[in-house]
S.K.: 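Following this message is one structure expressed as structure tokens.
Lettering of chains follows the sequences in order, A, B, ..., and the numbering in each one begins at 1.
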2 protein chains.
Amino acid sequence: MSAQRVEEAIEAIRASGSRVTVDRRAVVEALDRSGDHQTAEQVAEAVWVHHPDVNLATVYRTLELLEKLEIAFHVHLGHGPSRWHLADDVHHHLVCEGCGRVIEIPDSTFDPLRKRLLDDTGFVIDPHHFSLSGVCGRCAAKAGR
Amino acid sequence: MSAQRVEEAIEAIRASGSRVTVDRRAVVEALDRSGDHQTAEQVAEAVWVHHPDVNLATVYRTLELLEKLEIAFHVHLGHGPSRWHLADDVHHHLVCEGCGRVIEIPDSTFDPLRKRLLDDTGFVIDPHHFSLSGVCGRCAAKAGR
DNA sequence: TTCCGTGCAAACAATTTGCAATAGA
DNA sequence: TCTATTGCAAATTGTTTGCACGGAA
């Protein structure tokens with residue numbers, strides 16, 4: 001979708017002193033194309049659409065590099081494998097333990113909690129890495145009856 | 001520490017129609033003894049102190065049973081394996097991505113966020129299953145310099 | 001006696017790693 | 001050229017499962 005953020009990522013790789021390879025570009029493009037919440041396996045599948053010869057281990061290694069460069073991050077949504085996204089898709093996740101639905105919420109929702117925890121404990125939360133679990137309205141209603 | 005909560009757990013197993021076995025009692029006692037944040041492997045080690053013949057698979061199966069009966073739960077703290085605790089040790093976790101330190105916070109800290117999310121989205125959060133990650137005061141100070 | 005629970009070993013899923021071949025800068 | 005990157009296959013880690021035996025109810 002955004003050629004620009006792909007180019008920015010590529011530039012960041014180059015700037016870090018790492019090499020810009022066909023495989024790395026393919027992973028960045030796949031992340032850009034396939035949107036949020038993708039597992040490493042799904043990222044690989046998106047890569048394989050255009051570059052069928054990229055090895056799965058290379059996808060893992062590239063994701064690791066991108067995370068070190070703060071270009072991409074992973075989140076834990078419920079059980080199962082990590083989910084990956086580019087850095088500018090910043091939002092948070094509520095995962096329903098009933099139906100598995102994922103609700104996205106804006107970062108600002110965490111501001112009061114963030115302030116409270118900072119004041120109480122000095123801890124600066126970064127809620128990207130983990131999701132919150134619970135029960136969505138629909139499943140709560142179902143359970144309530 | 002608490003013989004009482006062990007007995008309550010045993011009673012709940014019996015009440016559910018499951019059998020009360022030596023192995024299951026050993027797992028409950030190990031959880032009770034070894035406190036919070038233990039991996040399945042660590043629970044097994046605690047079991048083996050008094051019952052060296054209990055199989056690791058049995059520990060996993062028992063933890064699964066205890067979770068179904070809401071006697072014990074697992075949380076995801078940072079990367080790595082799940083951590084287990086008995087149900088009445090209810091509190092939440094801040095995991096420092098710098099030093100790995102775990103800070104425990106009371107459930108009530110989440111009340112405003114809980115209300116906000118319930119009002120906005122109908123979602124009832126249960127922050128037990130996942131921790132919050134971030135950077136502790138000490139590491140933040142270190143990074144700030 | 002009747003199943004449920006267990007040990008054992010193998011299967012599994014997600015991820016990481018060692019090493020030789022290859023390809024960016 | 002020279003070293004970082006890759007493919008491949010095997011190792012690792014955490015967890016689950018199938019099956020035959022043994023023990024709780």
Side-chain angles (χ1 to χ4, degrees), chain A residues 9-28 30 37-48 50-69 71-84 129-130, chain B residues 9-31 37-48 50-69 71-84 129-130:
Chain A
I10 295 300
E11 206 35 58
I13 293 174
R14 199 188 316 278
S16 77
S18 294
R19 291 179 184 170
V20 175
T21 65
V22 174
D23 291 22
R24 286 177 176 172
R25 181 179 283 273
V27 171
V28 172
H37 306 163
Q38 307 302 307
T39 65
E41 190 75 40
Q42 290 171 324
V43 172
E45 277 160 27
V47 166
W48 292 334
H50 295 104
H51 301 84
D53 295 335
V54 176
N55 194 277
L56 183 57
T58 300
V59 172
Y60 275 102
R61 284 190 276 228
T62 303
L63 289 171
E64 190 183 8
L65 173 70
L66 294 178
E67 187 155 55
K68 197 167 63 198
L69 300 179
I71 296 169
F73 294 99
H74 76 277
V75 225
H76 301 282
L77 295 188
H79 293 143
S82 300
R83 307 287 178 148
W84 291 83
H129 190 206
F130 283 99
Chain B
I10 295 300
E11 206 35 58
I13 292 173
R14 200 187 315 278
S16 76
S18 295
R19 291 180 184 166
V20 175
T21 65
V22 174
D23 290 23
R24 286 178 175 172
R25 181 178 283 274
V27 170
V28 172
E29 284 169 353
L31 276 172
H37 305 164
Q38 307 302 307
T39 65
E41 191 73 42
Q42 289 171 325
V43 173
E45 276 160 26
V47 166
W48 292 333
H50 295 105
H51 301 85
D53 294 336
V54 176
N55 194 277
L56 182 56
T58 299
V59 173
Y60 274 102
R61 284 189 276 229
T62 302
L63 289 172
E64 192 182 5
L65 173 71
L66 294 177
E67 187 155 55
K68 197 167 62 195
L69 299 179
I71 296 170
F73 294 98
H74 75 278
V75 224
H76 301 281
L77 296 188
H79 294 144
S82 300
R83 307 290 179 144
W84 291 83
H129 189 207
F130 283 98

S.K.: With a 3.5 Å cut-off and sequence neighbours excluded, list the donor-acceptor pairs that the side chains of residues 72-80 of chain B form with protein atoms.
M.R.:
from	atom 1	to	atom 2	distance (Å)
B:H74	ND1	B:E67	OE1	3.1
B:H74	ND1	B:E67	OE2	2.8
B:H74	NE2	A:H79	NE2	2.9
B:H74	NE2	B:H129	NE2	3.0
B:H76	NE2	B:H129	NE2	3.1
B:H79	NE2	A:H74	NE2	2.9
B:H79	NE2	A:H129	NE2	2.9

S.K.: Rounding to a whole Å, what distance do you find between A:Y60:OH and D:dT6:C1'?
M.R.: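 In whole Å, D:dT6 C1' lies 17 Å from A:Y60 OH.
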S.K.: Rounded to whole Å, please give me the gap between CD in B:Q42 and P in D:dG14.
M.R.: 10 Å
S.K.: Give me the bend of the helix from C:dT1-D:dA25 to C:dA14-D:dT12, using the axes of the five pairs at each end, rounded to 10°.
M.R.: 30°
S.K.: Indicate every side-chain donor-acceptor pair of residues 39-48 of chain B with a distance under 3.5 Å to a residue at least two apart or in another chain.
M.R.:
from	atom 1	to	atom 2	distance (Å)
B:T39	OG1	B:Q42	N	3.0
B:T39	OG1	B:Q42	OE1	3.4
B:Q42	OE1	B:T39	N	2.8
B:W48	NE1	B:V54	O	2.6

S.K.: Nearest-nucleotide wise, let me know which of A:T58 and B:S82 is further upstream toward the 5' end of DNA chain D.
M.R.: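 By nearest-heavy-atom nucleotide position, the 5'-most residue is A:T58.
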S.K.: Within the 4.5 Å heavy-atom criterion, are B:S18 and B:R24 side-chain neighbours or not?
M.R.: yes
S.K.: Please list, one pair per line, the donor and acceptor atoms closer than 3.5 Å that link side chains of residues 55-65 of chain A to other protein atoms, with sequence neighbours excluded.
M.R.:
from	atom 1	to	atom 2	distance (Å)
A:N55	OD1	A:A57	N	2.8
A:T62	OG1	A:T58	O	2.7

S.K.: Under 3.5 Å, is there a donor-acceptor pair between the side chain of A:R25 and the main chain of A:I10?
M.R.: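 No.
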S.K.: For B:I13 and D:dA24, what is the distance between atoms CD1 and C1' respectively, to the nearest whole Å?
M.R.: 13 Å
S.K.: If you round to the nearest 0.5 Å, how far is CD1 of A:I13 from CG of A:L66?
M.R.: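 Taking CG in A:L66 and CD1 in A:I13, the distance rounds to 5.5 Å.
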S.K.: Separation of B:L56 atom CG from D:dT15 atom C1', in whole Å?
M.R.: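 It is 9 Å, rounded to the nearest whole Å.
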S.K.: Using a 4.0 Å cut-off to any heavy atom of chain B, which nucleotides of DNA chain C are the first and last in contact, reading 5' to 3'?
M.R.: C:dC3 to C:dC8
S.K.: Would you mind reading off the distance between A:H76 atom NE2 and D:dG14 atom P, rounded to a whole angstrom?
M.R.: 14 Å
S.K.: With rounding to the nearest 0.5 Å, note down the distance linking CD in B:E11 to OG in B:S16.
M.R.: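 So the CD of B:E11 and the OG of B:S16 are separated by 10.0 Å.
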S.K.: What's the CG-P distance between B:L63 and D:dG14, to the nearest Å?
M.R.: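 To the nearest whole Å, that distance equals 15 Å.
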S.K.: CG of B:N55 versus C1' of D:dG18: gap in Å, rounded?
M.R.: 14 Å
S.K.: Quick one: pull up CD in B:Q38 and CG in B:L31 and give me the separation to the nearest 0.5 Å.
M.R.: 8.5 Å
S.K.: Check every strand shown and say whether A:T39 touches a base, only sugar-phosphate, or nothing at a heavy-atom separation below 4.0 Å.
M.R.: nothing
S.K.: Quick check: on DNA chain C, is the nucleotide nearest B:L65 upstream (toward 5') of the one nearest A:R61, or the reverse? Name the residue that is more 5'.
M.R.: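 Going by which nucleotide is closer to the 5' end, it is B:L65.
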S.K.: Starting at CD of B:E45 and ending at P of D:dG14, how long is that distance when rounded to a whole Å?
M.R.: 11 Å
S.K.: Specify the residues of residues 18-27 of chain A, ordered by number, for which at least one heavy atom lies under 4.0 angstrom from an atom of DNA chain D.
M.R.: A:S18, A:R19, A:T21, A:D23, A:R24
